[in-house]
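Before any comments, here is the structure.
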Protein chains: 2
Amino acid sequence: MQLMSEKGAAGGGLRERKKRATRAALAEAAVRLAAEHGADKVTVEAISAAAGVSVRTFFNYFDSREDAFVVIDADAGARMRRAVLDAPAALSPLEALREAMAAELAEAEQQHELWRLHAEVLHASPHLLARGVGAHMAAEADLAEALAERLRATGGGATASGLYPRLLAAVAGAAVRTSVDHWSAHQQEAAFLDVFHEVFTLLAAGLPAPSA
Amino acid sequence: MQLMSEKGAAGGGLRERKKRATRAALAEAAVRLAAEHGADKVTVEAISAAAGVSVRTFFNYFDSREDAFVVIDADAGARMRRAVLDAPAALSPLEALREAMAAELAEAEQQHELWRLHAEVLHASPHLLARGVGAHMAAEADLAEALAERLRATGGGATASGLYPRLLAAVAGAAVRTSVDHWSAHQQEAAFLDVFHEVFTLLAAGLPAPSA
DNA sequence: GTCAATTTTGCAGACCGTGCATCTTTGCAT
DNA sequence: ATGCAAAGATGCACGGTCTGCAAAATTGAC
């Protein structure tokens with residue numbers, strides 16, 4: 001089992017705040033060390049030392065060493081869930097999802113340097129990249145549930161036992177990963193939001209062959 | 001580094017055949033043991049013993065213990081790549097991909113029992129499921145390349161530095177995972193191919209809100 | 001049958017990850 | 001403030017994972 005604050009957003013108690021700080025310190029130390037020495041040369045002991053806690057405590061926060069490189073922001077899923085639920089009813093499901101994700105990504109931009117390092121680390125070791133992809137699955141399941149709820153609220157009937165929302169969440173996740181990866185590789189050529197927008201346009205059009 | 005046969009398809013040499021047999025034996029032993037005792041109670045020692053090789057040899061075939069549960073068929077990617085390249089030019093990219101994947105999944109059905117066990121094992125431990133998702137990424141990159149080549153062949157111009165094929169591959173991968181997962185959870189209610197077809201129909205339509 | 005190339009194996013050793021007992025810190029009621 | 005109960009941090013022990021390395025066994029070609 002994993003120690004996790006019950007509340008996704010800013011909690012008042014000192015305990016909660018300290019825990020979040022420790023977690024953030026561990027994650028940041030892991031990413032910075034990995035960016036410098038390569039992810040597979042960074043031991044749990046080094047990460048723990050850099051964050052000022054014991055090795056045993058590291059494992060109170062992360063289930064495995066690699067999770068420290070992968071899970072940057074544990075609350076992102078909860079925030080997106082809220083954003084989907086609070087989206088204007090006029091938006092289509094895909095649009096609501098796009099807006100929620102765009103907002104989340106814009107927030108990530110605020111810690112630009114760390115985010116950049118993180119992308120660099122993942123890109124340097126495909127093994128971690130794969131793990132990162134898998135890590136988004138829990139968030140996707142959450143999103144699917146939020147989408148299903150939104151659909152019920154906006155009047156859609158029984159949506160074929162939930163296939164549609166799950167597909168939507170999974171596809172949107174794939175879209176975000178593709179956008180980030182593509183932008184990461186062509187960073188100078190295009191702004192991230194442009195790539196992101198193009199990807200969702202393609203999705204909404206049903207992925208037609210790009211006629212010349 | 002990983003021991004891998006250079007040739008994806010059936011190789012003639014005795015060496016190649018033996019290596020594939022050993023690999024398959026290890027993977028099958030891993031899945032069967034995991035289905036019986038739970039994946040996290042199965043040690044590398046047990047898997048190796050069941051396959052009749054030493055522990056050290058296990059690690060000559062798999063980079064990690066968990067890979068044995070995740071990587072069933074190492075050649076599936078190569079086969080799909082071929083299928084995409086050989087698809088009739090009349091098909092849209094998404095259709096070509098759908099056909100390639102359908103053929104691959106139909107082949108998997110032939111080892112029905114093992115495939116079923118495999119899905120069961122992954123579903124039982126989300127951790128492995130996530131890992132499995134990530135494992136498909138290399139295959140997706142391969143597929144993206146094949147799609148790009150196909151696009152060049154059928155006359156599409158420079159497709160925005162490859163964003164489109166990568167998106168297509170990633171989205172199709174997400175679609176397959178969603179199909180398998182959904183079918184796995186509602187196994188009695190619907191045939192897999194029906195779910196698969198519905199998912200790709202939704203994709204081609206641009207993921208519209210399911211109007212009642 | 002012999003030889004070179006490849007694969008398997010055992011062994012040593014570093015690192016990972018967990019259960020348990022203990023100690024320290026936090027939150028709260030008084 | 002002070003003491004108490006809950007929760008987190010820590011150390012320790014132990015089993016499992018994974019990697020070099022060198023020796024033994026197997027395969028393929030002559």
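Not measured: the values here are computed from a predicted model. Residue numbers start from 1 in every chain, and the chains themselves are labelled A, B, ... in the order their sequence lines are given, proteins ahead of strands.
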Nucleotide C:dT18, atom P - distance to CG of A:Asp63 in whole Å: 6 Å

Between atom CD in B:Glu66 and atom P in D:dG16, what is the gap in whole Å? 16 Å

B:Lys18 or B:Phe58, whichever maps to the more 5' nucleotide of DNA chain D: B:Phe58

Is it true that, when you exclude B:Glu45 itself, more than 12 heavy atoms of the residues, nucleotides or ligands shown sit nearer than 6.0 Å to its CD? no

Can you check the B:Lys19 NZ to D:dT26 P distance for me, whole Å? 17 Å

Hey, does B:Val55 reach any base, or is it just sugar-phosphate, or nothing, if we go heavy atoms under 4.0 Å? nothing

Which one, C:dC15, D:dA6, C:dT8, comes nearest to the side chain of A:Thr43? C:dC15

Angle between ring planes, B:Phe196 versus B:Phe200, binned at 30° and 60°: parallel, tilted or perpendicular? tilted

Return whichever of A:Val53 or B:Arg65 has its heavy-atom-nearest nucleotide of DNA chain D closer to the 5' end. A:Val53

Categorize A:Arg56 for me: base, sugar-phosphate, or nothing, with a 4.0 angstrom heavy-atom threshold over every strand shown. base

Please determine whether a side-chain nitrogen of the Lys or Arg among B:Glu113 and B:Arg32 lies less than 4.0 Å from a carboxylate oxygen of the Asp or Glu. yes

Which of these nucleotides, C:dT25, C:dT8, D:dT10, is closest to any side-chain atom of A:Arg15? C:dT25

Integer-rounded Å distance: C:dC15 P and A:Glu45 CD: 8 Å

Testing C:dG10, C:dT7, D:dG11 for proximity to the side chain of A:Ser54, the answer is D:dG11

Can a side-chain donor-acceptor contact be found between A:Ser184 and A:Arg116 if the only test is distance below 3.5 angstrom? no

So which nucleotide from D:dT10, C:dC16, D:dT17 ends up closest to the side chain of A:Thr57? D:dT10

Does D:dG8 have OP1 or OP2 sitting under 4.0 Å from an N or O in the side chain of A:Tyr61? no

Within this structure, what is the CG-to-C1' distance between A:Leu26 and D:dA9, rounded to whole angstrom? 12 Å

Please report the distance, rounded to the nearest Å, between CZ in B:Arg17 and P in C:dT7. 15 Å

Under a 3.5 Å threshold, yes or no: a donor from one side chain and an acceptor from the other, between A:Arg131 and A:Ser64? yes

Separation of D:dA13 C1' from A:Phe59 CZ (nearest whole Å): 15 Å

Specify the separation, in whole Å, of atom CG of A:Asn60 and atom P of C:dC16. 16 Å

